[in-house]
There are 2 protein chains.
Amino acid sequence: MKNNPANFYSHELCPIRGILDRFGDKWSILVILLLGDQKDPIRFNEIMATIGDISQKMLTVTLRSLEADGLVVRKQYAEIPPRVEYTITPLGSSLLPHIDGLAKWAVKNQDAVMKMRKKFSTKRKAA
Amino acid sequence: MKNNPANFYSHELCPIRGILDRFGDKWSILVILLLGDQKDPIRFNEIMATIGDISQKMLTVTLRSLEADGLVVRKQYAEIPPRVEYTITPLGSSLLPHIDGLAKWAVKNQDAVMKMRKKFSTKRKAA
DNA sequence: CAGTATCCCTTCCGATACTG
DNA sequence: CAGTATCGGAAGGGATACTG
(Lines give C-alpha, C1' and ligand atoms only; values in the text may rest on other atoms or scores of the structure.)
Protein backbone atom coordinates (compact mmCIF):
# COMPACT_ATOMS: atom_id res chain seq x y z
CA MET A 1 0.00 0.00 0.00
CA LYS A 2 3.06 2.22 0.03
CA ASN A 3 3.77 4.54 -2.86
CA ASN A 4 0.24 5.12 -3.99
CA PRO A 5 -0.70 7.84 -6.37
CA ALA A 6 -1.69 11.04 -4.67
CA ASN A 7 -4.89 9.95 -3.04
CA PHE A 8 -5.56 6.32 -2.88
CA TYR A 9 -8.00 6.67 -0.01
CA SER A 10 -10.45 9.02 -1.57
CA HIS A 11 -13.98 8.07 -2.31
CA GLU A 12 -13.56 7.88 -6.07
CA LEU A 13 -10.28 6.03 -6.28
CA CYS A 14 -10.29 3.62 -3.41
CA PRO A 15 -10.50 0.09 -4.76
CA ILE A 16 -10.76 -1.37 -1.32
CA ARG A 17 -14.00 -0.10 0.02
CA GLY A 18 -16.43 -1.82 -2.28
CA ILE A 19 -14.85 -5.13 -1.46
CA LEU A 20 -13.96 -4.83 2.18
CA ASP A 21 -17.21 -3.16 3.18
CA ARG A 22 -18.71 -6.54 2.59
CA PHE A 23 -16.72 -8.01 5.46
CA GLY A 24 -17.65 -5.20 7.78
CA ASP A 25 -20.73 -6.96 9.00
CA LYS A 26 -21.08 -9.05 12.08
CA TRP A 27 -20.55 -12.52 10.69
CA SER A 28 -18.78 -12.72 7.33
CA ILE A 29 -15.23 -13.04 8.59
CA LEU A 30 -16.19 -15.66 11.11
CA VAL A 31 -18.07 -17.71 8.54
CA ILE A 32 -15.19 -17.59 6.07
CA LEU A 33 -12.77 -18.73 8.74
CA LEU A 34 -15.07 -21.56 9.67
CA LEU A 35 -15.58 -22.72 6.10
CA GLY A 36 -11.87 -22.45 5.49
CA ASP A 37 -11.27 -24.86 8.33
CA GLN A 38 -13.47 -27.60 6.92
CA LYS A 39 -12.00 -30.41 4.91
CA ASP A 40 -15.48 -31.56 3.94
CA PRO A 41 -18.53 -29.58 2.87
CA ILE A 42 -20.57 -28.41 5.79
CA ARG A 43 -24.32 -28.16 6.14
CA PHE A 44 -26.37 -25.13 7.04
CA ASN A 45 -27.39 -26.35 10.47
CA GLU A 46 -23.88 -27.47 11.27
CA ILE A 47 -22.63 -23.97 10.71
CA MET A 48 -25.38 -22.58 12.89
CA ALA A 49 -24.60 -25.01 15.67
CA THR A 50 -20.87 -24.37 15.49
CA ILE A 51 -21.19 -20.64 15.77
CA GLY A 52 -23.92 -20.99 18.31
CA ASP A 53 -25.31 -17.50 18.51
CA ILE A 54 -26.00 -16.59 14.91
CA SER A 55 -29.64 -16.37 13.87
CA GLN A 56 -31.00 -18.36 10.98
CA LYS A 57 -31.72 -15.18 9.13
CA MET A 58 -28.25 -13.74 9.47
CA LEU A 59 -26.56 -16.98 8.51
CA THR A 60 -28.66 -17.08 5.36
CA VAL A 61 -27.89 -13.47 4.52
CA THR A 62 -24.20 -13.91 5.21
CA LEU A 63 -23.88 -17.05 3.13
CA ARG A 64 -25.77 -15.45 0.24
CA SER A 65 -23.45 -12.49 0.13
CA LEU A 66 -20.38 -14.69 0.31
CA GLU A 67 -21.83 -16.79 -2.46
CA ALA A 68 -22.53 -13.69 -4.53
CA ASP A 69 -18.92 -12.62 -4.16
CA GLY A 70 -17.73 -16.02 -5.32
CA LEU A 71 -16.13 -16.91 -2.00
CA VAL A 72 -18.46 -19.76 -1.16
CA VAL A 73 -20.32 -22.40 -3.12
CA ARG A 74 -23.78 -23.54 -2.21
CA LYS A 75 -24.77 -27.03 -3.27
CA GLN A 76 -28.33 -28.15 -2.87
CA TYR A 77 -29.46 -31.77 -3.03
CA ALA A 78 -32.93 -32.71 -4.20
CA GLU A 79 -33.81 -34.77 -1.18
CA ILE A 80 -36.38 -34.73 1.50
CA PRO A 81 -35.59 -33.43 3.97
CA PRO A 82 -33.45 -31.01 1.99
CA ARG A 83 -29.71 -30.97 2.31
CA VAL A 84 -27.57 -27.99 1.47
CA GLU A 85 -23.82 -27.97 1.71
CA TYR A 86 -21.39 -25.11 1.67
CA THR A 87 -17.78 -25.09 0.54
CA ILE A 88 -15.17 -22.41 0.26
CA THR A 89 -14.02 -21.61 -3.29
CA PRO A 90 -10.45 -21.11 -4.50
CA LEU A 91 -11.11 -17.38 -4.47
CA GLY A 92 -12.28 -17.68 -0.90
CA SER A 93 -9.26 -19.74 0.00
CA SER A 94 -6.98 -17.09 -1.43
CA LEU A 95 -8.52 -14.65 1.02
CA LEU A 96 -8.14 -17.02 3.91
CA PRO A 97 -4.48 -16.42 4.81
CA HIS A 98 -5.15 -12.73 5.16
CA ILE A 99 -8.07 -12.92 7.55
CA ASP A 100 -6.27 -15.75 9.25
CA GLY A 101 -3.44 -13.30 9.78
CA LEU A 102 -5.90 -10.84 11.23
CA ALA A 103 -7.32 -13.48 13.50
CA LYS A 104 -3.90 -14.53 14.72
CA TRP A 105 -3.05 -10.92 15.41
CA ALA A 106 -6.24 -10.61 17.42
CA VAL A 107 -5.43 -13.68 19.47
CA LYS A 108 -1.89 -12.59 20.10
CA ASN A 109 -2.69 -9.01 21.01
CA GLN A 110 -6.05 -9.23 22.70
CA ASP A 111 -4.57 -8.82 26.16
CA ALA A 112 -2.61 -5.75 25.12
CA VAL A 113 -5.65 -4.21 23.51
CA MET A 114 -7.88 -4.93 26.48
CA LYS A 115 -5.33 -3.38 28.80
CA MET A 116 -5.14 -0.28 26.62
CA ARG A 117 -8.91 0.01 26.54
CA LYS A 118 -9.12 -0.15 30.30
CA LYS A 119 -6.36 2.39 30.72
CA PHE A 120 -7.94 4.69 28.20
CA SER A 121 -11.36 4.63 29.78
CA THR A 122 -10.04 5.47 33.25
CA LYS A 123 -7.85 8.22 31.86
CA ARG A 124 -10.89 9.68 30.12
CA LYS A 125 -12.97 9.65 33.28
CA ALA A 126 -10.24 11.54 35.10
CA ALA A 127 -10.27 14.33 32.52
CA MET B 1 -6.60 -21.15 12.91
CA LYS B 2 -6.34 -24.82 12.08
CA ASN B 3 -6.54 -27.42 14.79
CA ASN B 4 -8.63 -25.51 17.24
CA PRO B 5 -10.29 -27.13 20.18
CA ALA B 6 -13.79 -28.26 19.45
CA ASN B 7 -15.51 -24.94 19.01
CA PHE B 8 -13.36 -21.94 18.53
CA TYR B 9 -16.13 -19.98 16.86
CA SER B 10 -18.68 -20.09 19.57
CA HIS B 11 -19.89 -17.09 21.40
CA GLU B 12 -18.07 -17.80 24.63
CA LEU B 13 -14.71 -18.91 23.35
CA CYS B 14 -14.02 -16.82 20.31
CA PRO B 15 -11.13 -14.48 21.04
CA ILE B 16 -11.48 -12.78 17.72
CA ARG B 17 -14.81 -11.10 17.91
CA GLY B 18 -14.17 -8.57 20.61
CA ILE B 19 -11.16 -7.33 18.72
CA LEU B 20 -12.20 -7.60 15.11
CA ASP B 21 -15.68 -6.22 15.67
CA ARG B 22 -13.90 -2.96 16.21
CA PHE B 23 -12.71 -2.90 12.62
CA GLY B 24 -16.11 -3.78 11.30
CA ASP B 25 -17.13 -0.18 11.03
CA LYS B 26 -17.02 2.01 7.98
CA TRP B 27 -13.71 3.78 8.50
CA SER B 28 -11.27 2.07 10.90
CA ILE B 29 -9.39 -0.02 8.39
CA LEU B 30 -9.01 2.86 6.00
CA VAL B 31 -7.72 5.19 8.71
CA ILE B 32 -5.19 2.64 9.95
CA LEU B 33 -3.91 2.11 6.41
CA LEU B 34 -3.61 5.83 5.94
CA LEU B 35 -1.77 6.41 9.20
CA GLY B 36 0.49 3.49 8.46
CA ASP B 37 1.52 5.16 5.23
CA GLN B 38 2.68 8.37 6.88
CA LYS B 39 6.30 8.90 7.72
CA ASP B 40 5.40 12.03 9.68
CA PRO B 41 2.56 12.66 12.10
CA ILE B 42 -0.59 13.79 10.37
CA ARG B 43 -3.13 16.36 11.46
CA PHE B 44 -6.85 15.90 11.87
CA ASN B 45 -7.84 18.01 8.90
CA GLU B 46 -5.24 16.41 6.71
CA ILE B 47 -6.79 13.04 7.35
CA MET B 48 -10.23 14.40 6.58
CA ALA B 49 -9.04 15.96 3.35
CA THR B 50 -7.20 12.83 2.26
CA ILE B 51 -10.17 10.57 2.74
CA GLY B 52 -12.48 13.15 1.35
CA ASP B 53 -15.88 11.83 2.26
CA ILE B 54 -15.61 11.10 5.95
CA SER B 55 -17.57 13.36 8.27
CA GLN B 56 -15.91 15.23 11.10
CA LYS B 57 -17.94 13.29 13.59
CA MET B 58 -17.00 9.88 12.25
CA LEU B 59 -13.34 10.73 11.97
CA THR B 60 -13.35 11.78 15.61
CA VAL B 61 -15.15 8.66 16.69
CA THR B 62 -12.89 6.43 14.63
CA LEU B 63 -9.69 8.00 15.90
CA ARG B 64 -10.90 7.79 19.49
CA SER B 65 -11.59 4.10 19.25
CA LEU B 66 -8.24 3.42 17.59
CA GLU B 67 -6.59 5.46 20.31
CA ALA B 68 -8.47 3.51 22.97
CA ASP B 69 -7.21 0.26 21.49
CA GLY B 70 -3.64 1.53 21.56
CA LEU B 71 -3.28 1.53 17.79
CA VAL B 72 -2.94 5.26 17.40
CA VAL B 73 -1.43 8.08 19.44
CA ARG B 74 -3.02 11.48 19.68
CA LYS B 75 -0.74 14.38 20.44
CA GLN B 76 -2.23 17.76 21.18
CA TYR B 77 -0.28 21.02 21.13
CA ALA B 78 -1.26 23.96 23.32
CA GLU B 79 -1.40 26.46 20.52
CA ILE B 80 -3.95 28.73 18.99
CA PRO B 81 -5.30 27.65 16.66
CA PRO B 82 -5.02 24.16 18.10
CA ARG B 83 -2.92 21.51 16.46
CA VAL B 84 -3.48 17.81 16.96
CA GLU B 85 -1.34 15.17 15.38
CA TYR B 86 -1.90 11.46 14.98
CA THR B 87 0.66 8.70 14.70
CA ILE B 88 0.40 4.96 14.46
CA THR B 89 1.80 3.01 17.42
CA PRO B 90 4.03 -0.08 17.31
CA LEU B 91 0.96 -2.13 18.14
CA GLY B 92 -0.84 -0.49 15.25
CA SER B 93 2.12 -1.13 12.98
CA SER B 94 2.09 -4.78 13.90
CA LEU B 95 -1.46 -4.94 12.61
CA LEU B 96 -0.62 -3.14 9.42
CA PRO B 97 0.80 -6.01 7.37
CA HIS B 98 -2.37 -7.98 7.91
CA ILE B 99 -4.83 -5.36 6.75
CA ASP B 100 -2.37 -4.47 4.05
CA GLY B 101 -2.65 -8.06 2.95
CA LEU B 102 -6.40 -7.71 2.93
CA ALA B 103 -6.20 -4.52 0.94
CA LYS B 104 -3.86 -6.05 -1.61
CA TRP B 105 -6.19 -8.99 -1.95
CA ALA B 106 -9.05 -6.60 -2.57
CA VAL B 107 -7.12 -4.76 -5.25
CA LYS B 108 -6.04 -7.93 -6.94
CA ASN B 109 -9.42 -9.62 -6.90
CA GLN B 110 -11.88 -6.80 -7.25
CA ASP B 111 -12.57 -7.57 -10.90
CA ALA B 112 -13.19 -11.22 -10.16
CA VAL B 113 -15.52 -10.36 -7.30
CA MET B 114 -17.42 -7.79 -9.33
CA LYS B 115 -17.87 -10.27 -12.13
CA MET B 116 -19.17 -12.87 -9.71
CA ARG B 117 -21.60 -10.40 -8.21
CA LYS B 118 -23.00 -9.52 -11.58
CA LYS B 119 -23.31 -13.15 -12.58
CA PHE B 120 -24.99 -14.01 -9.30
CA SER B 121 -27.56 -11.27 -9.51
CA THR B 122 -28.62 -12.19 -13.04
CA LYS B 123 -28.77 -15.84 -12.14
CA ARG B 124 -30.99 -15.01 -9.18
CA LYS B 125 -33.38 -12.98 -11.28
CA ALA B 126 -33.74 -15.90 -13.67
CA ALA B 127 -34.83 -18.22 -10.87
C1' DC C 1 -8.33 23.98 14.00
C1' DA C 2 -10.26 20.38 16.10
C1' DG C 3 -13.35 19.18 18.03
C1' DT C 4 -18.91 18.51 20.71
C1' DA C 5 -23.79 18.21 20.69
C1' DT C 6 -28.02 17.27 18.58
C1' DC C 7 -31.18 15.60 15.29
C1' DC C 8 -32.74 12.14 12.48
C1' DC C 9 -32.56 8.85 8.87
C1' DT C 10 -30.91 4.42 7.48
C1' DT C 11 -29.11 -0.08 8.02
C1' DC C 12 -28.32 -4.01 10.83
C1' DC C 13 -29.90 -7.71 13.01
C1' DG C 14 -32.57 -10.65 16.39
C1' DA C 15 -37.18 -12.81 17.33
C1' DT C 16 -40.91 -14.97 15.66
C1' DA C 17 -43.97 -17.18 12.53
C1' DC C 18 -44.57 -19.64 8.42
C1' DT C 19 -43.26 -23.01 4.17
C1' DG C 20 -41.50 -26.39 0.34
C1' DC D 1 -33.81 -29.18 6.96
C1' DA D 2 -33.18 -25.01 5.16
C1' DG D 3 -34.93 -21.69 4.27
C1' DT D 4 -38.49 -16.95 3.55
C1' DA D 5 -41.35 -12.98 5.44
C1' DT D 6 -42.27 -9.58 8.58
C1' DC D 7 -41.74 -6.73 12.53
C1' DG D 8 -39.38 -3.71 15.62
C1' DG D 9 -35.53 -2.29 18.49
C1' DA D 10 -30.74 -0.87 18.41
C1' DA D 11 -26.76 0.79 16.42
C1' DG D 12 -24.38 3.29 12.70
C1' DG D 13 -23.50 7.34 10.63
C1' DG D 14 -24.46 11.97 7.97
C1' DA D 15 -25.78 17.10 8.35
C1' DT D 16 -25.79 20.94 10.81
C1' DA D 17 -24.87 24.13 14.43
C1' DC D 18 -22.02 25.47 18.04
C1' DT D 19 -17.33 26.07 20.96
C1' DG D 20 -12.47 26.49 23.32
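Quick note: numbers below take in every heavy atom, side chains included, and nothing from hydrogens, waters or symmetry partners. Predicted model, so just to flag it, every value in this text is computed and none were measured. Here is the naming used below: chain letters follow the sequence lines, and residue numbers restart at 1 for every chain.
DNA chain D lies under 4.0 Å from at least one heavy atom of each of the following residues of residues 40-48 of chain A: A:Arg43, A:Phe44, A:Asn45. Residues from residues 70-82 of chain A placing a heavy atom under 4.0 Å of any atom in DNA chain D, listed by number, are A:Arg74, A:Pro81, A:Pro82.
To the nearest angstrom, P of D:dC7 lies 12 Å from NZ of A:Lys57. In this entry the distance linking CG of A:Asp25 with P of D:dA11 reads 17 Å, nearest Å. The CG-P distance, from B:Asp21 to D:dA11, rounds to 13 Å in whole Å. Protein atom CG of B:Asp53 is 8 Å distant from nucleotide atom P of D:dG14, rounded to whole Å.
For the side-chain hydrogen bond (donor to acceptor under 3.5 Å, both in side chains) condition, no pair includes a residue of residues 40-49 of chain B, sequence neighbours left out. Contacts classified as salt bridge (Lys or Arg N to Asp or Glu O under 4.0 Å) and involving residues 107-119 of chain B (residues at least two apart or in different chains) are given here: A:Asp69-B:Arg117.
In this structure, the salt bridge (Lys or Arg N to Asp or Glu O under 4.0 Å) partners of A:Asp53, at least two apart in sequence or on a different chain, are B:Arg17. Taking B:Thr60 as the reference, B:Phe44, B:Arg64 meet the side-chain contact (heavy atoms from CB on, under 4.5 Å) condition, with sequence neighbours excluded. Every side-chain hydrogen bond (donor to acceptor under 3.5 Å, both in side chains) that A:Ser10 has, sequence neighbours left out, goes to A:Glu12. Not counting sequence neighbours, the partners of B:Asp25 by the side-chain hydrogen bond (donor to acceptor under 3.5 Å, both in side chains) test are B:Ser28.
Linking Ile, Leu, Val, Met, Phe, Trp and Tyr whenever their side-chain heavy atoms come within less than 4.5 Å puts B:Val84 and B:Ile88 in one cluster. Under a hydrophobic clustering in which Ile, Leu, Val, Met, Phe, Trp and Tyr are joined whenever their side-chain heavy atoms come within less than 4.5 Å, directly or via other members, B:Met116 and A:Leu71 fall into different clusters.
Interface limits on DNA chain C: the 5'-most and 3'-most nucleotides within less than 4.0 Å of chain B heavy atoms are C:dC1 to C:dC7.
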Throw together a table of side-chain donor-acceptor distances under 3.5 angstrom for residues 92-99 of chain A, partners on residues two or more places apart or in other chains.
{"from": "A:Ser93", "atom 1": "OG", "to": "A:Thr89", "atom 2": "O", "distance (Å)": "3.2"}
{"from": "A:Ser94", "atom 1": "OG", "to": "A:Leu91", "atom 2": "O", "distance (Å)": "2.6"}
{"from": "A:Ser94", "atom 1": "OG", "to": "B:Trp105", "atom 2": "NE1", "distance (Å)": "2.8"}

Side-chain atoms of residues 75-83 of chain B: list all donor-acceptor pairs with protein atoms under 3.5 Å, sequence neighbours left out, distances to 0.1 Å.
{"from": "B:Gln76", "atom 1": "OE1", "to": "B:Arg74", "atom 2": "NH2", "distance (Å)": "3.2"}
{"from": "B:Tyr77", "atom 1": "OH", "to": "B:Glu85", "atom 2": "OE1", "distance (Å)": "3.2"}
{"from": "B:Glu79", "atom 1": "OE1", "to": "B:Arg83", "atom 2": "NE", "distance (Å)": "3.3"}
{"from": "B:Glu79", "atom 1": "OE2", "to": "B:Arg83", "atom 2": "NH2", "distance (Å)": "2.7"}
{"from": "B:Arg83", "atom 1": "NH1", "to": "B:Glu85", "atom 2": "OE2", "distance (Å)": "3.0"}

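Axis angle between the ends of the helix from C:dC1-D:dG20 to C:dG20-D:dC1, five pairs each and rounded to 10 degrees, works out to 50°.
A heavy-atom distance below 4.5 Å is not found between the side chains of B:Ile54 and B:Leu30. You'll find the side chain of B:Val31 stays beyond 4.5 Å of the side chain of B:Tyr86, heavy atoms only.
Among the heavy atoms of the strands lying under 4.0 Å from A:Lys26 are primed sugar atoms or P, OP1, OP2 only; no base atom is included.
Closest heavy-atom contact between B:Leu33 and B:Ala103: CD1-CB, 4.1 Å.
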